[in-house]
2 protein chains.
Amino acid sequence: MSCVTNDEVPTQVATDSAPRPRARRRGRPSVPLLSQKRITRAAVELIGARGYPALTMAALARELRVAPSALYNHVASKRDLLRWLQDHVNRGIDASAFDTEPWDVALERWARSYRDAYVRHAPLVPVIAVTPIAGSPHTVAMYEGVVAGLCAGGWPEAEAVDVVVALESFVLGSAMDATAPADIFDVPDDAAAPALARAGLLRAGRDNADAAFEAGLAALVTGFRARHPGGAGG
Amino acid sequence: MSCVTNDEVPTQVATDSAPRPRARRRGRPSVPLLSQKRITRAAVELIGARGYPALTMAALARELRVAPSALYNHVASKRDLLRWLQDHVNRGIDASAFDTEPWDVALERWARSYRDAYVRHAPLVPVIAVTPIAGSPHTVAMYEGVVAGLCAGGWPEAEAVDVVVALESFVLGSAMDATAPADIFDVPDDAAAPALARAGLLRAGRDNADAAFEAGLAALVTGFRARHPGGAGG
DNA sequence: ACCTGAACACCGTTCAAGT
DNA sequence: ACCTGAACACCGTTCAAGT
């Protein structure tokens with residue numbers, strides 16, 4: 001009550017009824033307002049709330065209550081921001097089965113977890129495909145776990161990477177496919193595409209993206225099992 | 001020579017030495033300058049010459065010697081233009097093997113042709129995944145041929161579409177992967193990722209994208225053969 | 001080093017005015 | 001119907017000026 005600390009005029013109090021959205025002195029703040037962690041976190045929240053089209057540098061800066069140009073003291077470009085996001089998303093992928101399960105079981109679990117993560121982040125997929133992993137610690141850790149697990153399961157190192165890249169291509173393609181509208185294969189006139197039209201009727205109401213992913217995943221693992229050096233396959 | 005038609009002052013002739021880059025009366029031309037065909041053709045040429053980043057509505061209009069706003073009399077949006085491009089690229093994919101070869105051989109050939117086409121058009125991949133095929137005649141024809149071929153080869157219609165979608169996901173993911181830099185898996189410090197580092201050394205100099213694609217394609221086809229209802233597989 | 005504020009060079013798209 | 005020209009509402013990014 002009678003204390004003399006500086007809480008009688010907190011920054012939220014307006015001097016009168018006029019709205020004063022923010023006030024900060026012009027120069028460098030004594031403690032930095034931004035960091036990679038804070039920027040990434042705000043970007044994830046923004047995407048979660050309003051989707052990828054809403055992720056603009058201006059909107060992100062607004063979320064962080066900062067001028068847009070302030071972001072460029074921490075990240076070189078929007079492209080680099082997307083790389084941070086990629087690493088954040090990869091952190092959520094579960095590759096732990098490679099520690100406990102046979103390589104083929106682990107591969108299936110990893111693929112499902114990987115696809116699940118990117119179905120919600122499909123706009124990152126084109127970024128992933130072209131981005132060297134070196135600067136992304138969680139991404140490196142994930143691949144190391146997967147490749148080490150495959151090698152422990154009997155795969156030669158060079159071939160293990162082929163398996164990983166092939167599976168990743170399928171997973172990322174499937175993640176993009178999962179964002180498609182359900183009626184993507186609908187055809188207007190049945191005469192021009194009778195097989196497609198019949199198939200469309202048979203498939204109506206199914207979750208086609210999931211079914212195709214599971215079919216492809218099973219085929220891929222079956223095929224790799226057949227190729228595995230010490231395997232029971234052909 | 002002595003004819004009285006309107007060719008004595010063609011549009012290319014400048015009245016004096018001053019450069020006059022273009023001259024056209026303001027109103028509607030007697031014969032339309034643009035069409036879907038001409039716009040698509042110019043876009044393909046522009047992409048071929050200067051790449052996808054150069055494909056802007058302004059640059060495309062310039063190529064066609066037209067004001068940017070003129071394009072919008074023919075195409076509703078840049079997105080729709082990309083759909084036209086998708087259909088054009090799909091026209092170049094060879095699915096003819098389904099007419100003459102067993103389904104598994106045809107599937108492999110189609111997949112290679114499909115990937116080849118989109119390696120040069122990777123920026124279209126995210127568009128494809130989300131675009132209904134109905135408005136794209138060549139795309140519909142391609143899928144119809146593939147699904148009909150699979151059905152003729154003994155696949156039930158609904159399952160045939162799963163096979164197609166799974167293979168397509170793999171192909172499009174692989175096309176994006178093929179645009180990645182060769183050193184995408186390089187890791188700076190070997191201690192943190194020893195398996196990855198060893199694999200990187202073994203793979204240096206190889207065409208890794210091609211190897212991974214062929215490995216995945218072979219596995220996928222092997223797996224589908226094993227699942228085929230009338231097949232010799234398990 | 002790290003912020004603000006004011007620019008810059010684009011981008012896709014719209015629309016009135018012309019024929 | 002189909003073009004031009006002039007706008008509009010963005011976008012990512014740069015940079016001098018401040019502390």
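All values below come from the heavy atoms of this structure, side chains included, with hydrogens, waters and symmetry mates left out. In what follows, every chain begins at residue 1, and chains take the letters A, B, ... in the order their sequences are listed.
Nearest-nucleotide mapping onto DNA chain C: of P53(B) and L33(A), the residue sitting toward the 5' end is L33(A).
Put simply, H74(A) has no side-chain N or O that comes within less than 4.0 Å of OP1 or OP2 on dA1(C).
L55(B) has its CG atom 16 Å from the P atom of dC10(C), to the nearest Å. Distance, R62(A) CZ to dC10(D) C1': 15 Å, rounded to whole Å. Rounded to an integer number of Å, the gap from CG of L60(A) to C1' of dC11(D) is 14 Å. At whole-Å resolution of the value, CG in N73(B) and P in dT4(D) are 9 Å apart. When the P atom of dC3(C) is taken as reference, atom CG of L64(A) falls 10 Å away, rounded to whole Å. Distance I39(A) CD1 to dC3(C) C1': 13 Å, rounded to the nearest Å. The CG-P distance, from L71(B) to dC3(D), rounds to 9 Å in whole Å.
Side-chain polar atoms of H138(B) and D87(B) form a donor-acceptor pair below 3.5 angstrom.
By the 6.0 Å contact criterion, NE2 on H88(A) is open, its count of non-hydrogen atoms from other residues, nucleotides or ligands being 12 or less. Around the CZ atom of R206(B), the shell of radius 6.0 Å holds more than 12 heavy atoms that belong to other residues, nucleotides or ligands.
Against DNA chain D, the stretch residues 42-52 of chain A makes no heavy-atom approach under 4.0 Å.
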Check the pair V187(A), I133(B) against side chain to side chain contact (heavy atoms under 4.5 Å, CB included), reporting the backbone distance first and the verdict last. CA-CA 7 Å; V187(A) 283; I133(B) 65 174; 4.2 Å; yes
Do Y72(A) and M57(A) pass the side chain to side chain contact (heavy atoms under 4.5 Å, CB included) test, and can you show the C-alpha distance, the side-chain angles, and the key distance before you say yes or no? CA-CA 10 Å; Y72(A) 291 89; M57(A) 298 303 267; 3.6 Å; yes
Take L34(B) and L64(B) through the test side chain to side chain contact (heavy atoms under 4.5 Å, CB included) and record every step on the way to the result. CA-CA 8 Å; L34(B) 300 178; L64(B) 288 158; 3.9 Å; yes
Stepwise side chain to side chain contact (heavy atoms under 4.5 Å, CB included) check, L217(A) with L167(A): CA-CA 8 Å; L217(A) 179 57; L167(A) 201 82; 4.1 Å; yes
Dot-bracket notation for DNA chain C, counting Watson-Crick and G-U pairs under 3.5 Å, with | for partners on another strand: ||.|||||...|||||.||
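Going from atom CG of N73(A) over to atom OG of S35(A) covers 12.5 Å, rounded to the nearest 0.5 Å.
With H121(B) as reference, V89(B) is the one residue of I128(B), N90(B), V89(B) to meet the side chain to side chain contact (heavy atoms under 4.5 Å, CB included) rule.
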I'd like to compare against my own output: the B/S/- annotation of nucleotides 13-18 of chain D with a strict under-4.0 Å heavy-atom distance to protein. BBB-BB
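Salt-bridge formation is detected for the pair R115(A)/D210(A): a Lys NZ or Arg NE/NH1/NH2 atom is positioned less than 4.0 Å from an Asp or Glu carboxylate oxygen.
For the pair R203(B) and F185(B), the cation-pi test (distance below 6.0 Å, angle within 45°) is failed.
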